[in-house]
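Here's the structure, in structure tokens; my notes come after.
To find a chain, count down the sequence lines: A is the first, B the second, and so on, and within it residues start at 1.
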Amino acid sequence: MQYSPHEIEKKWQERWEKEARYQAEDFSKKPKQYILVEFPYPSGEGLHVGHVRGYTAMDIVARKRRMEGFNVLFPIGWDAFGLPAENYAIKKGIHPSKTVEKNIANYKRQIKSLGLSFDWSREINTTDPRYYKWTQWIFLQLFKHGLAYQAEIPINWCPSCKIGLAYEEVIDGKCERCGTPVIRKEKKQWMLRITRYADRLIEDLEKVDFIEQVKTQQIEWIGRSYGTEIDFQVEGSDKIIKVFTTRPDTLFGVSAVVVAPEYPLVKELVTPDHLEEANRYIEKSKQKTEFERTKLEKEKTGVFTGSFCINPANGEKVPIWIGDYVIATYGGGAVMVVPAHDKRDYEFAKKYGLKIKEVVKGGDISKEAFVGYGILVNSGQFSGLSSQEAIEKITQWLIEEKKGRKAVHYKLRDWIFSRQHYWGEPIPIIHCEKCGAVPVPEEDLPVELPYVEKYQPTGTGESPLAAVKEWVNVKCPKCGAPAKRETDTMPNWAGSNWYFMRYCDPNNSQELADFKKLKYWLPVDWYDGGPEHITLHLLYSRFIYKFLYDIGVAPTPEPYQRRTIHGIVLAQDGRKMSKSLGNVVNPNEIIEKYGADTLRVYEMFMGPFDQAIAWNPESVNGVFKFLRKVWNLIIECKNNQKTSPDVLKKIHQLNKKVSDDIEQAKFNTAIAAFMEFVNFAQLHKKEIGKEAIERFLLLLAPFAPHLAEELWERIGHKKSIFEERWPQYNKDLIKEERITLVIQINGKVRDKIEVNRDISQEEAKKLALKQKKVQNWIDGKEIKKIIFIPGKLINFVI
RNA sequence: GCCCUCGUGGCGGAAUUGGUAUACGCGCAACGCUUAGGACGUUGUUCCUCUUAUGAGGAUUGGAGGUUCGAAUCCUCCCGAGGGCACCA
């Protein structure tokens, strides 16, 4: 009987589905485990081998947890709003809902062919009105609590996609999706006040078990910095320019104040004789793309306003400039220029002939700016202090003089939540001339996306929905006057922010999810996903979840207890897989050739789980050979005999190794251990009995479920292997009685001897010194010191 | 520029976290099986030197230093790769 994966995989997949084996049970008495993978965007290309990596890993965990006696929730769904379906519709004239339906069917078939133990009874789809009703409901709660608001702001505008982009969707000044340089455009946008949660989003990271890289990136993205806000009074006016700095110790070295071109006071600051030049400068910087403006190598430019302000520390008159290297949205849009101690300011001062005054000792300011800490000079009463002391003292003094205060600033900005696109959740707001922005009454949700013929963005900045008159024109829910629906839709993230909550109660039509169910299942115990989602998706969904916690909808302060990332699967050439490069590996092909178990085991074996790794077809074949070896071995072995003590020890060691490695997501070494055992077993076939065979299959079951089920049945079991308990290893059995003691001389390995594991130092020394090799090396020299590590080694220092 | 991760045979990678470097797999080679090829099985496989062979010695974890009885692992500097942030005041 040969190993024929296709027959057995089909057989077991059908049986699992018929028996609905993997459905989670609400409120079961068993302890719960919520294992989560990022739900896929069902693209036209179909499932990627990268999906398979994360899904298989979590499937292994889910299957192990069930065998350990947990009530496991391991769900799947579809994140199906978004641009590709809309772009496809524009090109081919096929409605996005049709495309999405087709793609989902394809994904579903592919996922099922992998033998993943998802609970299909909880499948969700973000484009289903029964789902996005609650996405809209969340928006209304945000609105009612003042966390969703409209603002006329300069947004990043992609002239190709004809869409406003979130700050986060601009990469290197270019549109994340199409790569077109982004320009700035003033537009009224819906915003979410994520900044209000900035501190909690940092501090609560202590409560969770995310890998370090994820935590660091969240913290850096939020970018909290503590500093001092200093008031510079405009000369001859009562206006004040508030400047944020982390280096108040350099206050005496200020030679100018520079404000961003968008700074609110700009018009008042520019004097008539500088008006023309200043206007020209402001116009020019407006036209620059974000890419041009943020290019670091670019020369710092600016223009004098004609006005001055007063340095509060020494009363000096300081010129006010406009410069587009100052970021309008950070730190109030104004900075103090200290050329001697800041690289950018130094450059700026050199170009425009500003004074360069040293106030911190330690560098040579005739050559370059000195940005380090040092002792203060030329700083009045503060001279002689260290920078660290001066930061404290000067801030203190400013507070007393009422000319400054401590301040905290964040790089994180409020989240632009509007998209001028068709294929997204409509924002449930009605604009009334009299009442303003009025929320759609909750009982009228969902605001269904109307069917349209034309998907093209209008280019005017309005979404295609604006053209659907019968949908747009409604009565104001408050006063009944004619009013218009909001035509912007929500970004892709809106649906994926909270999807893991819906899995807990996917069919609830009364609320987002029953609180008792949420309380039973949440938080997610283990969440795995791609590295591309560890800043934005994670930050956004934590924010929304925290808000829902605050209003009593979510049961815990954090949604995810543990978060891991799986490395990308690269093409054989080490590059990213992409259609245009023609180097894409299709999981279907691998399954057709070798079966799903081989694909699963290969993807777990190919390298460390969190690292990017290149596909290697020859290794796939190696894994197939391994599984076939397993098959042949088990078929050949006698199931009715006793297992020898040697084999027993090995299988218990394997038991420990595999159990531990799965918990640490070290799947590659777990599989190496399986291979080692099989190699050993090949040589000891006669010693293998029932216990070894059964234990081996139980351990292998989460990795290669079809193979394990089939062999389990063939050795005479009636019930599924997944109804069995995960095996516990015997601590006494895995201990090695005899160990190899390494003998070192001056730290170099010179010999090895077999000894009892609990040998004493005296005994070890005696035995070691008897060895010929050791005697040759010591050869009458004096032994100065002996280092003995019990059970490991003895080291003679001569 | 800053931050993070990493650098180990021909290749993917192990190394219980300071204690036998190169587990496991791929590839390659020899032998067995076979009409042959494939497949399968067994064995070998870091490099260098000496040795008919058994074996013996030396070197080796990107490079150079350091700490230590002992370093792939810790520290300093340098080189290289990948990722993140990027005029954040």
Side-chain angles (χ1 to χ4, degrees), chain A residues 171-173 211-217 219-221 223-225 227-228 243-247 250 258 293-298 300 323-327 329-338 341-345 347-348 371 409-413 531-532 534-535 567-568 570 574 602 605-608 610-623 625-626 628-629 632 656-657 660 666 668-679 682-683 739-752 773 776 784-789 791-798:
Chain A
I171 309 291
D172 276 337
I211 61 169
E212 218 35 54
Q213 188 193 348
V214 175
K215 286 190 184 181
T216 332
Q217 278 193 34
I219 290 168
E220 276 187 18
W221 188 266
R224 180 165 63 185
S225 88
T228 308
V243 159
F244 177 70
T245 180
T246 53
R247 294 295 303 273
T250 62
V258 183
R293 256 185 89 162
T294 55
K295 239 187 173 168
L296 197 64
E297 316 86 66
K298 186 201 67 170
K300 317 271 172 279
D324 67 3
Y325 74 96
V326 177
I327 298 168
T329 48
Y330 183 81
V335 300
M336 60 188 210
V337 176
V338 186
H341 304 291
D342 182 284
K343 274 186 191 160
R344 292 154 301 177
D345 296 349
E347 227 181 285
F348 192 74
V371 298
H409 281 266
Y410 303 88
K411 288 187 206 172
L412 183 72
R413 300 169 201 190
E532 67 275 23
I534 59 176
T535 26
I568 319 164
L570 300 167
Y602 169 65
F605 182 60
M606 65 195 302
D610 56 357
Q611 257 172 54
I613 229 120
W615 190 266
N616 181 347
E618 276 163 348
S619 285
V620 181
N621 192 48
V623 167
K625 272 159 52 177
F626 162 68
R628 189 172 50 196
K629 218 190 246 181
N632 292 336
K656 174 172 167 40
K657 177 80 178 149
D660 293 351
K666 289 166 76 173
N668 54 333
T669 49
I671 291 162
F674 278 120
M675 290 171 166
E676 253 173 290
F677 178 81
V678 170
N679 289 343
Q682 290 278 7
L683 304 175
I739 54 118
T740 310
L741 187 80
V742 171
I743 305 169
Q744 294 185 338
I745 294 174
N746 287 344
K748 283 210 154 93
V749 180
R750 292 306 178 189
D751 208 350
K752 298 164 190 180
K773 274 193 199 168
N776 284 345
K784 282 192 196 151
K785 202 172 161 188
I786 295 175
I787 287 132
F788 178 69
I789 311 290
K792 283 246 163 79
L793 62 79
I794 185 160
N795 184 12
F796 297 99
V797 185
I798 57 171

Pairs under 3.5 angstrom, nitrogen or oxygen only, protein versus nucleotides 3-5 of chain B, please.
from, atom 1, to, atom 2, distance (Å)
B:C3, O2', A:Glu220, OE2, 2.9

Problem - Who pairs with B:U73 - Watson-Crick or G-U, where each distance is under 3.5 Å - result: none
Handout entry: Atom pair OG1 (A:Thr228) and CZ (A:Arg247), whose distance is rounded to the nearest 0.5 Å
Key = 11.5 Å
Kindly give the atom pairs (protein nitrogen or oxygen, nucleotide nitrogen or oxygen) under 3.5 Å for nucleotides 41-43 of chain B.
none

Exercise for the section: Check the distance between B:G13's P and A:Glu676's CD and give it to me in whole angstrom. Expected result: 19 Å
Exercise for the section: Using a heavy-atom cut-off of under 4.0 Å over every strand shown, decide if A:Asp342 touches base, sugar-phosphate, or nothing. Expected result: nothing
Exercise for the section: Identify the nucleotide, in any strand shown, that forms a Watson-Crick or G-U wobble pair with B:U61, with both distances under 3.5 Å; if there is none, say none. Expected result: none
Exercise for the section: When you get a sec, tell me which of B:C85, B:G19, B:C87 is the closest nucleotide to the side chain of A:Lys411? Expected result: B:C85
Handout entry: For atom NZ of A:Lys752 and atom C1' of B:A21, their distance in whole Å
Key = 10 Å
Problem - Nucleotide nearest A:Arg628 when distance is taken to its side chain, options B:C40, B:C69, B:C87 - result: B:C40
Exercise for the section: Provide the Watson-Crick or G-U wobble partner of B:G18, both distances under 3.5 Å; none if there is no partner. Expected result: none
Exercise for the section: Assign B:U17 to syn or anti; the rule is syn for a glycosidic angle within 90° of 0 and anti otherwise. Expected result: syn
Completion exercise
Across every strand shown, the nucleotide meeting Watson-Crick or G-U wobble geometry with B:A89 (both distances under 3.5 Å) is none
Practice task
Answer syn or anti for B:G25, where the cut-off is 90° from 0 on the glycosidic torsion.
Solution key: anti
Handout entry: Non-neighbouring partners of A:Phe674 that pass ring pair (Phe, Tyr, Trp, His ring centres under 6.0 Å), sequence neighbours left out
Key = A:Phe696, A:Phe703
Problem - Nearest-Å distance for atom pair CG/P, residues A:Asn746 and B:U68 - result: 15 Å
Completion exercise
From CZ of A:Phe348 across to P of B:A89 the rounded distance in Å is 18 Å
Practice task
Describe the nucleic acid contact of A:Phe626 in one word from base, sugar-phosphate, nothing, applying a heavy-atom distance below 4.0 Å.
Solution key: nothing
Practice task
May I have the distance from A:Arg224 (atom CZ) to B:C88 (atom C1'), rounded to whole angstrom?
Solution key: 15 Å
Problem - Same-atom distance (P) from B:G57 to B:G62, integer angstrom - result: 26 Å
Fill in the blank from the handout: Per atom distances to the A:Asn795 side chain, the nearest of B:C85, B:C69, B:A89 is B:C69
Handout entry: Rounded distance in Å between the P positions of B:G9 and B:C75
Key = 22 Å
Practice task
Would you classify A:Gln744 as touching base, sugar-phosphate or nothing, given that sugar-phosphate means primed atoms plus P, OP1 and OP2, and contacts are heavy atoms under 4.0 Å?
Solution key: base
Exercise for the section: Please state how far atom NZ in A:Lys300 lies from atom C1' in B:A89, giving the value in whole angstrom units. Expected result: 12 Å
Completion exercise
From the candidates B:C26, B:G19, B:U20, the one with an atom nearest any side-chain atom of A:Thr740 is B:U20
Handout entry: Parallel, tilted or perpendicular: ring planes of A:Phe244 versus A:Tyr330, cut at 30 and 60 degrees
Key = perpendicular
Problem - Euclidean distance for P, B:U45 against B:G83 (whole angstrom) - result: 38 Å
Fill in the blank from the handout: When rounded to whole Å, the CD1 to P distance for the pair A:Ile534 and B:C85 reads 9 Å
Practice task
Could you please name the option among B:G12, B:G27, B:A89 that lies closest to any side-chain atom of A:Ser225?
Solution key: B:A89
Completion exercise
For B:G41, the nucleotide meeting Watson-Crick or G-U wobble distances (both under 3.5 Å) is B:C31
Problem - Rounded P spacing from B:G18 to B:A64 in Å - result: 24 Å
List every contact pair, protein side and nucleotides 55-61 of chain B side both N or O, where the distance is under 3.5 Å.
from, atom 1, to, atom 2, distance (Å)
B:A56, OP1, A:Lys773, NZ, 3.4
B:G58, OP1, A:Arg750, NH1, 3.4
B:G58, OP1, A:Arg750, NH2, 3.4
B:G58, OP2, A:Arg750, NH1, 2.9

Completion exercise
Whole-Å distance, A:Lys343 NZ to B:C88 P, equals 11 Å
Handout entry: Under 4.0 angstrom between A:Tyr410 side-chain N/O and B:C88 OP1 or OP2
Key = no
Exercise for the section: Could you list the residues that satisfy ring pair (Phe, Tyr, Trp, His ring centres under 6.0 Å) with A:Phe788, not counting sequence neighbours? Expected result: none
Give me, pair by pair, the N or O atoms of the protein and of nucleotides 14-17 of chain B that are less than 3.5 Å apart, along with how far apart they are.
from, atom 1, to, atom 2, distance (Å)
B:A14, OP1, A:Asn668, ND2, 3.0
B:A15, OP1, A:Lys666, NZ, 3.2

Exercise for the section: When you get a sec, tell me which of B:C26, B:G12, B:U20 is the closest nucleotide to the side chain of A:Phe605? Expected result: B:G12
Practice task
Nearest-nucleotide wise, let me know which of A:Gly223 and A:Gly622 is further upstream toward the 5' end of RNA chain B.
Solution key: A:Gly622
Handout entry: A:Gln217 vs A:Val749, nearer the 5' end of RNA chain B by closest nucleotide
Key = A:Val749
